[in-house]
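The structure under discussion appears below in the form of C-alpha cells.
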Amino acid sequence: MENGKLPDCIIKMPIIPTFDPIEELNMYTSLGSLHTFARGSKIVSPGIPFSNVIFLISGQLDVSMVSRNGEEKYLLEVFKNGIAVALNQNDDHEFQITAVKDCTVCFFPLDMMLAILSQNTRLLKNFILNLIQKTQYFMYQSRDLYQSRPSARVFSFLYNLCLTKGNRVNDYYELAVENVSQKTIAKITGTHPVTVCKLFTYLSKEGIIKKNRKVIKVYDLNKLCNLIANEELTY
DNA sequence: GCATTAAGGATAT
DNA sequence: ATATCCTTAATGC
C-alpha cells in the first residue's frame, strides 16, 4: 500500500448498480460488430438466444429479468464504456436488455472477447474485476432481499448513498438526487415506489431529512442508521 | 408492514 | 402536449 492509496485491485461496491467502465475496449471495436439501437428497443429479449459480450459505446442500457408471468426484476444499468455479458445460447433464459436511450454498441462473440483479453493483461484484469464487482454486488443484494425488510433496504440505501456521495454542508449531508428518482430507488431496493415515497415523508416528519425533487438533505445520519435495525415502524 | 390501485398535481420534454 | 414523476388515500393481505 504505497502513497497511502489502496491497491488498484480493490473492488469498490457501487450503491447504484452501475459497474466500472472498461475504456480500453474502445481500442478493439473494429474486431466486433457495431450496432445502433433506438431508445426503447430491446437488444436482448427473454426466450431468444443471444450470445455476445455487449460493449456500450454510447447511450444507456437497462438489464432486467422477465419471468413467464411477465413480472420484471430490475438488475442493473450500463453506461458509456460499460459491458453487459449476455451469454444465453438457449431459449430458456429470462434476461432482457433494453436501450433506454439511443445506443451504439459493439458485440463481441465470446471467442473474440477471449482472444482480445489474452493479448492484453491489463484489459483482462479490468474485465475480471468488473465481473467480480457484479457478482459481489448481487451477493449483497440477495442477502438484503433475504434478511432485510423493504423499509430497512430503503433506509440502508439512503444511508450508504449519503456516506459515499453525500456532501457535508454545515450540519447536514446534501445528496443530489436528480438522476436517482424514487422510482429508481424502488427498483434498486426491490420495493414499491409508493413505499419509497411514504418512507421519505416519514423521515421528513421525523426531522431526519429534508427533501425536494433535486436534493435530499440528511440532518440526522445516526437516527437514520438506527432505523435500519428497527423492528417497529409506523408511517 | 407493505403492495396495489387509483387519481390528482407537479415538472420535464 | 405528453410523458414521467411524486404524493396521498383507500383497500387488502
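Per chain, numbering begins at 1; letters A, B, ... match sequence-line order.
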Could you tell me the separation between the [atom1] atom of [X] and the [atom2] atom of [N], rounded to a whole number of Å?
X	N	atom1	atom2	answer
A:R213	C:dT4	CZ	P	15 Å
A:I185	C:dT4	CD1	C1'	16 Å
A:L203	C:dT7	CG	P	12 Å
A:K183	C:dT7	NZ	P	15 Å
A:N179	C:dT4	CG	P	16 Å

Closest nucleotide among [options] to the [X] side chain:
X	options	result
A:V194	C:dA10, B:dT5, C:dC6	B:dT5
A:H192	C:dC5, B:dT5, C:dT7	B:dT5
A:P150	C:dC5, B:dC2, C:dT8	B:dC2
A:R149	B:dA3, B:dC2, C:dT8	B:dC2
A:K198	B:dA3, C:dT4, C:dT7	B:dA3

* Asked: Can you tell me if NZ on A:K73 sees more than 12 non-hydrogen neighbours from other groups inside 6.0 Å?
  ->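 More than 12 heavy atoms, drawn from other residues, nucleotides or ligands, come within 6.0 Å of this atom.
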* Is the CZ atom of A:R68 crowded by more than 12 outside heavy atoms at less than 6.0 Å? ->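 Count not over threshold, so no.
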Would you say [X] places a side-chain N or O within less than 4.0 Å of OP1 or OP2 belonging to [N]?
X	N	result
A:K214	C:dC6	no
A:Q182	C:dT7	yes
A:S151	B:dC2	yes

* Asked: Is there a donor in the side chain of A:T201 and an acceptor in the side chain of A:S204, or the other way round, less than 3.5 Å apart?
  ->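 There is no such pair between these side chains.
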* Please state whether the rings of A:H93 and A:F95 are parallel, tilted or perpendicular, taking 30° and 60° as the class boundaries. =>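 Rings of A:H93 and A:F95: parallel, under 30°.
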